[in-house]
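A short worksheet on the structure shown next.
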Amino acid sequence: MKIATWNVNSLNVRLPHLLDWLKTASPDLLGIQETKTTDDKFPRDAIIAAGYQPICNGQKTYNGVAILSRLSTAPQDMVTQLPDMLDDPQRRLLAATYGDVRMINVYIPNGAEVDSEKYHYKLRWLRALVAYLKTELRNHPKLAIVGDFNIAPEDRDVHDPKSWEGSVLVSPAERECFQQLVSLGLVDSFRLFEQAPELFSWWDYRAAAYPRNHGLRIDHILVSPKLATACQSCHIDPTPRQWERPSDHAPVIAEFT
DNA sequence: ATGGTAGTTAAACTA
């Protein structure tokens, strides 16, 4: 089984890329973020025609998440809000169970600038996420949480740690929240394996960041201990980032026995 | 320290 994540930065613009990538990568479960579309405008037919069953939690203009599945089991126990953030209008979470696998897809807030209002919203969101995962891990031995975390967990996940010091995506408080997820037993599947240095999942559109590989690894597939033992590989697929009019993120895909 | 680009949406917001 393959589980993947991709921030597509507008499903409307990126649908052709998504369909092409599904054909070659053929994930069984894919979490997508920043769909930027409401559920009534979700391109359901095109995705079903590609062999995938979608569920979505969309929003106009900003945010929006979805899960695509080519498994035979129907999604169950769908969740669209963090229990501690029920009044949050931003669509950033979608969870569902496929057979015995709990799939949680997140688009964690960016945070704008350290100490800004958006940054504190990000930390609030992360604390609510940690509390939610504590419960979810109790209920689901086989759990994967995937998505755009907007956190580079360590300096080796940053092209130039010095220039990023004090910024969102790398600040100590954000990294501490990521470590709290790890403390719950979640495993960064990418780091289960030997990886080349300077592998990133996001590159700014500006200043030719991609050709210079000025990137960060902020898109992750974290798995419960039981799934970690079944994990065979995890890699970032940079090819869609090289296509014409790309998302600023590359997909990440992990394989399980 | 600012601006560089992209998406959505119509001048500004988010990333």
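So that the names make sense, note that chain A is the first sequence line, chain B the second, and so on, each numbered from 1.
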Give me the distance, rounded to whole Å, that separates [N] from [M] when you measure between the [atom1] atoms they each carry.
N     : M      : atom1 : result
B/dT9 : B/dT14 : P     : 14 Å
B/dA1 : B/dA11 : C1'   : 24 Å
B/dG3 : B/dA15 : C1'   : 15 Å

Practice problem: Determine which pairs satisfy salt bridge (Lys or Arg N to Asp or Glu O under 4.0 Å) with at least one residue from residues 161-181 of chain A, sequence neighbours left out, and list them in order. | Solution: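 Applying salt bridge (Lys or Arg N to Asp or Glu O under 4.0 Å) to every pair that reaches into residues 161-181 of chain A, excluding sequence neighbours, yields A/K122-A/E174, A/D155-A/R175.
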What is the distance, to the nearest angstrom, from the [atom1] atom on [X] to the [atom2] atom on [N]?
X      : N      : atom1 : atom2 : answer
A/H17  : B/dA6  : NE2   : C1'   : 13 Å
A/E165 : B/dA1  : CD    : C1'   : 17 Å
A/E244 : B/dG7  : CD    : C1'   : 17 Å
A/K36  : B/dT14 : NZ    : P     : 12 Å
A/I108 : B/dA15 : CD1   : C1'   : 15 Å
A/N7   : B/dG7  : CG    : P     : 12 Å
A/N9   : B/dT8  : CG    : C1'   : 10 Å
A/R245 : B/dT5  : CZ    : C1'   : 12 Å

Quiz item: Would one find a side-chain N or O of A/R92 under 4.0 angstrom from OP1 or OP2 of B/dA15?
Solution: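 Answer yes for this pair, as a side-chain N or O of A/R92 is under 4.0 Å from OP1 or OP2.
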Quiz prompt | Presence of A/S10 side-chain N/O under 4.0 Å of B/dA6 phosphate oxygens OP1/OP2 | solution =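 Checking B/dA6 against A/S10, no side-chain N or O comes under 4.0 Å of OP1 or OP2.
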Quiz item: Can you list, by residue number, the residues of residues 200-215 of chain A that have a non-hydrogen atom closer than 4.0 angstrom to DNA chain B?
Solution: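 Of all residues in residues 200-215 of chain A, the ones placing a heavy atom under 4.0 Å from DNA chain B are A/Y205, A/R206.
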Detail all sub-3.5 Å separations between protein N/O atoms and N/O atoms belonging to nucleotides 10-13 of chain B.
{"unit_1": "B/dC13", "atom_1": "O2", "unit_2": "A/Y62", "atom_2": "OH", "d": "3.4"}

Hey, does the side chain of [X] reach the backbone of [Y] with a donor-acceptor pair shorter than 3.5 angstrom?
X      : Y      : answer
A/S69  : A/Q53  : no
A/Q81  : A/D88  : yes
A/Y107 : A/T35  : no
A/Q195 : A/F190 : yes
A/H17  : A/R241 : no

What donor-acceptor contacts under 3.5 angstrom involve side-chain atoms of residues 125-132 of chain A, with partners at least two apart or in another chain?
{"unit_1": "A/Y132", "atom_1": "OH", "unit_2": "A/E136", "atom_2": "OE1", "d": "3.1"}

Quiz item: How would you list all residue pairs meeting side-chain hydrogen bond (donor to acceptor under 3.5 Å, both in side chains) that involve residues 207-220 of chain A, not counting sequence neighbours?
Solution: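 Of all non-adjacent pairs touching residues 207-220 of chain A, those that pass side-chain hydrogen bond (donor to acceptor under 3.5 Å, both in side chains) are A/D157-A/R217, A/D188-A/R217, A/S201-A/D219, A/W203-A/N213, A/Y210-A/Q242, A/R217-A/H220, A/D219-A/H249.
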Practice problem: Give me the other members of the hydrophobic cluster that A/V13 sits in, counting Ile, Leu, Val, Met, Phe, Trp and Tyr linked by side-chain heavy atoms under 4.5 Å, directly or via other members. | Solution: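 None, because no other hydrophobic side chain comes under 4.5 Å of this residue.
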Practice problem: Report the residue (A/E34 or A/P246) whose heavy-atom-nearest nucleotide on DNA chain B is the more 5′ of the two. | Solution: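 Here A/P246 is the residue nearer the 5' end.
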